[in-house]
Amino acid sequence: MSIEFSLCLLTVFVLAAFGSPIAISMLVGAIVYLISSGQDIALAGEQILQGLYNSFILLAVPLFIVAANIMNAGSISDRLLTFCKAIVGHLRGGMGHVNVVSSLIFSGMSGSAVADAAGVGKVVIGMMTKDGRYRPGYAAALTAASATIGPIIPPSIPMVIYALVSGASVGYLFIAGLVPGLIMGAVLMAMNYIQSTRHQVVKEEAVPLKELPGITWRAFPTLLMPAILLYGIYGGVTTPTEAAAVAAAYALFLALAVYRSISFKKLVKVFTESAHTSASVGLVISAALIFNYIVATENIPTQIAALLSAMDLTQFQFLMVVNVTFLLLGMVLDATTVILIVVPLLIPACRELGVDLVHFGIITVVNLMIGLITPPYGILLFVINGTTNIAINDIIRNVLPFMVVLIGALIILTALPDLVLYMPRLFGYQG
Amino acid sequence: MTNILRNIKTTADLVAASMLAAMSIVFIYQIIGRYFGNAIESLMGIDLATSWTLEILLTLWVWLVFWASAFCLSERDHIRFDTLHLALPRKVQRIVAALSALAIAGFLAYSFLPTLDYITFYKIKKSAILRIRLDYVFSIYGIFLAALVARYAWRAVAFSVPSLHNKFYQKVD
Amino acid sequence: ADITLRLSTSATAEDTRAEAMEKVFAPMVSSFADFDGHWGSSLFKQGTDLEAIARGNLDMTITSAQHMAEFFPEFSIFSAGYVHRDYEHQKAVFNADFMDDLKAKAEEELNVKLLAVSYLGNRHVNLRTEERINTPADLKGIRLRMPGSEAWFFLGSALGADVTPMAYGEVYTGLQTGAIDGQDNPLPNDYVMKFYEVTKQIALTGHLADLNYIAISNKVWNSLDAHQQAILQGAANAAAEYASHQIIQKEADLVDFFKGEGLDIYTPDLDAFRTTVQKAYLESEMAESWVPGMIDQINAL
Ligand code: NA
Ligand code: NA
């Protein structure tokens, strides 16, 4: 690592550790790097501006934030809470299970984990922490962990990017994500069950059976939303990114016309708060984009790749080395960066060792999604912290058990290519 | 003085909220225009062109992020780690905050002129569809930098002088 | 080596263009330059490489006529439909005398020196609908995705389609779900992006023989001695030849592959398309930015 890059990292860590905003710490770190390496200082602004101006998929983030805030303000999430409580709330760890299951459903509507966490994640945290049912740190951690499923179950933006650099089929990659996504959901629910046993969280009162139809009816327009979004995407009305806007519009329609639970003044407040959250999340993402440039300039991925090919490995050993490498890279880098820069360097090695590229793609994306919840640079941790004000350290402490079971699921998926390739083969995949 | 500041903040918030509302509307227009555009054109003769929507959305997104970051977000609205900072003694907190603010203001100020040069470079290029000059689109980043330099320079001063700090920051930080 | 040549472009590391630069260009210039290629827009975002060269932050790029036209509208002639016929024609145009002024302008005003032209493939209309497209009239009401810039939109509309923007990465899903009816790309792109999995036909409209330019910073070029310049020019030419012939070969092979995948592949009424599209261009504002008489000079080659 060059002296310039070390200086840059030192600046970021010192500033951020003493409470400066992370985005601004990264921006200052990048300026330190550019000054010390004698490059054009304007490159910091160039990367931050062009990163935002050219990343269409990021547009889903503010819209999902709007949708979530409207649902919160318009008592829509309250109705959902009542319904969920009635269905599984009386089980041990019930609301935690609701969190995971709702993530699984929402995964089918969004291709981005960040959008999941910023949108439905925020609503579910509100539901879990209301009246002190769950500790905020625990609710935030479970939400971060379950948001990683978002891009595993189709549709998935990271898988499209992977397909682009690997030449693997987008169609088969999408189908291949289904089983792994469900496995991830299952291990999270198991861990939630264990933790709930240990911590004695508040159990919900069982709802009398005769009240169930009424509760369901009142929640019905809300429950219709996933169906509308799914029809929108799979019926060809919207792109996955545009689904965010449909979610916002439908939530607004419910709040204004159906439930009549929101005033104009409150609506202005919702949009103002959403604008604040979108800006703080957007600023962190764009500041991280400067690091894509620095890491690429320093040729760091190339050095790591050279190290990897120097070892003489079997297929499974190779994949495990890749897993460890990706987990480490995921701690400090954005998933898109790793897919675009590191994955192409590994494809030749995969071909040589006979690693199936669809299998490799699933492992890569699952791994990098786990990277979204690993400190110090875990974008889902930041997003949830940004949308809820729950302390980062509190989220990190609580997310560790979920991270462990997700890594367990990753190892299973790595060891059993047949499990990952079962669905694609049903659809005619010859691999 | 505080009244003027509050009015400025309210106006800035309103602008940010309007930009986000506009993004939502443009997105919905884009979906309707593409999916129902043919039907609407044959029924009502209105052509819902969607070629410009992506560009407007991206421009609004850039403006929203930097506008709100410059004028709407307070220090605590930002995403940050504050555990270590809060564990320090009160007096040390103030010194560290003053030094951090000084470093941030200094480096951002140092980058200001080169960045301005980058933004004005774009007077020669226009956006792909709407032909808006890109130096206008990107100008918000220059405004954002200037606002940040002013904010952190003020913070550095206020955190160095106990009376100023007590007056302006006690309740906030 | 004396210098490092840092290149950034949107082409991915798996792309023929990357292969050509790494395997052909880099070894040929290794006596005086280290080639440092960055693919998939990993250094500078797509469409900002030229600015990076202009500002002295980048040494080389592989760029398009569309991007050049964003600075010099005269270049839009090379992104117009039915202007170039094939790779040989592209080379003839690139090396023609009438290109000298345009090249000089790019060197002076943008610090960008165009070294060589490289063939990217012939763009064809690829649809998820079943009914054949024989004339521009048959494309009416078809939601055709085009890349998001004015030049592409014009081309799509000139073909007779309802043009709609969509990010490249979303096109596969868009085709799968019917959010769009079709897209246009060269056959190798349809293969890499697996569009054949979610579409039913390819009308070989050949509406645009697409090209790229291998470009270098004029400042870097001028810092080289005449001998080095000759080597570098030769290396760029060789890389362009290599990449272009790879694509020509793939285009030939892929027709059979796509037929094997069950796609209907046919040649529509090309005269109808050519006449309609050329007429639209000549009547457009875009043609006003073209160098007077150049279209005739190009056609005469
Ligand atoms: Na998904
Ligand atoms: Na969740």
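All chains are named by letter (A, B, ...) in the order of the sequence lines, taking the proteins before the strands, and each is independently numbered beginning at 1.
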Next on the checklist: Under a 4.5 Å cutoff for heavy-atom pairs, which residue among Gly282(A), Pro62(A), Ala248(A), Ala249(A) has the most contacts with chain B?
Outcome noted: Pro62(A)

Checklist entry - Where does Val15(B) contact chain A at under 4.5 Å (heavy atoms): side chain, backbone, both or neither? => result neither

Item to check | Nearest heavy-atom neighbours spanning Phe107(B) and Val28(A) | outcome: CD1-CG1, 3.8 Å

Item to check | Contacting moiety of Val246(A), where chain B heavy atoms sit under 4.5 Å | outcome: both

Item to check | Choice from Ala68(B), Gly106(B), Cys72(B), Gly142(B) maximising heavy atom contacts with chain A below 4.5 Å | outcome: Cys72(B)

Checklist entry - What part of Ile31(A) lies closer than 4.5 angstrom to a heavy atom of chain B: side chain, backbone, both or neither? => result side chain

Next on the checklist: Heavy-atom cut-off 4.5 Å, strictly under: side chain, backbone, both or neither for Phe121(B) against chain A?
Outcome noted: neither

Item to check | Val65(B) side chain reached by Ser278(A) side chain, heavy atoms, under 4.5 Å | outcome: no

Next on the checklist: Between Tyr122(B) and chain A, with a heavy-atom cut-off of 4.5 Å, which part of the residue counts as in contact: side chain, backbone, both or neither?
Outcome noted: side chain

Next on the checklist: Please identify, among Asp40(A), Leu43(A), Val32(A), the residue contributing the most non-hydrogen atom pairs under 4.5 Å to chain B.
Outcome noted: Val32(A)

Checklist entry - Which region of Glu273(A), side chain (C-beta onward) or backbone (N, CA, C, O), has a non-hydrogen atom less than 4.5 Å from a non-hydrogen atom of chain B, or is it both or neither? => result neither

Checklist entry - Can you say whether Leu27(A) sits under 4.5 Å from chain B via the side chain, the backbone, both, or neither, judging by heavy atoms? => result side chain

Checklist entry - Step by step, would you call Phe5(A) with Thr297(A) a side chain to side chain contact (heavy atoms under 4.5 Å, CB included)? => result CA-CA 10 Å; Phe5(A) 189 48; Thr297(A) 301; over 6 Å; no

Item to check | Qualifying residues under side chain to side chain donor-acceptor pair (under 3.5 Å), relative to Tyr152(B), sequence neighbours excluded | outcome: Glu75(B)

Checklist outcome for this item: Bottom line for Leu14(B): the part with an atom under 4.5 Å from chain A's heavy atoms is side chain

Checklist entry - How about Lys269(A): does its NZ atom have over 12 heavy atoms from other parts shown lying under 6.0 Å from it? => result no

Item to check | Region of Leu116(B) that comes under 4.5 Å of a non-hydrogen atom in chain A | outcome: neither

Checklist entry - What option among Thr115(B), Leu57(B), Ile31(B) has the most heavy-atom pairs under 4.5 Å with chain A? => result Ile31(B)

Checklist entry - So what's closer than 4.5 Å to chain B heavy atoms on Leu283(A): side chain, backbone, both or neither? => result both

Item to check | Phe66(B) versus chain A, the contacting section by heavy-atom distance below 4.5 Å | outcome: side chain

Next on the checklist: I'd like to know whether the aromatic ring centres of Phe144(B) and Trp63(B) sit less than 6.0 Å apart in this structure.
Outcome noted: no

Checklist outcome for this item: In terms of heavy-atom pairs under 4.5 Å with chain B, the winner among Ile48(A), Thr277(A), Val66(A) is Ile48(A)

Next on the checklist: Walk me through whether Leu60(B) and Leu20(B) qualify under side chain to side chain contact (heavy atoms under 4.5 Å, CB included).
Outcome noted: CA-CA 8 Å; Leu60(B) 281 168; Leu20(B) 191 52; over 6 Å; no

Next on the checklist: Assess the residue pair Ser36(A) and Glu4(A) against the criterion (side-chain hydrogen bond (donor to acceptor under 3.5 Å, both in side chains)); give the C-alpha distance rounded to whole Å, side-chain angles, the decisive distance to 0.1 Å, and a yes or no.
Outcome noted: CA-CA 6 Å; Ser36(A) 58; Glu4(A) 296 86 7; 5.5 Å; no

Checklist entry - Where does Ile35(A) contact chain B at under 4.5 Å (heavy atoms): side chain, backbone, both or neither? => result side chain

Checklist entry - With a 4.5 angstrom heavy-atom cut-off, which part of Leu73(B) approaches chain A: side chain, backbone, both or neither? => result side chain

Checklist outcome for this item: Those residues at least two apart in sequence (or on a different chain) that pass ring-ring contact (aromatic ring centres under 6.0 Å, His included) with Tyr53(A) are Phe138(B)

Checklist entry - Judged by atom type as modelled, is there a donor-acceptor pair below 3.5 Å linking the side chain of Asn385(A) to the main-chain atoms of Ile390(A)? => result yes

Next on the checklist: Is Thr59(B) in contact with chain A via its backbone, its side chain, both, or neither, using a 4.5 Å heavy-atom distance?
Outcome noted: both

Checklist entry - Taking the side chain from Ser20(A) and the backbone from Ser25(A), do they hold a donor-acceptor pair closer than 3.5 Å? => result no

Item to check | Heavy-atom closest contact (Ile140(B) atom, Val137(B) atom, distance) | outcome: CG2-O, 3.7 Å

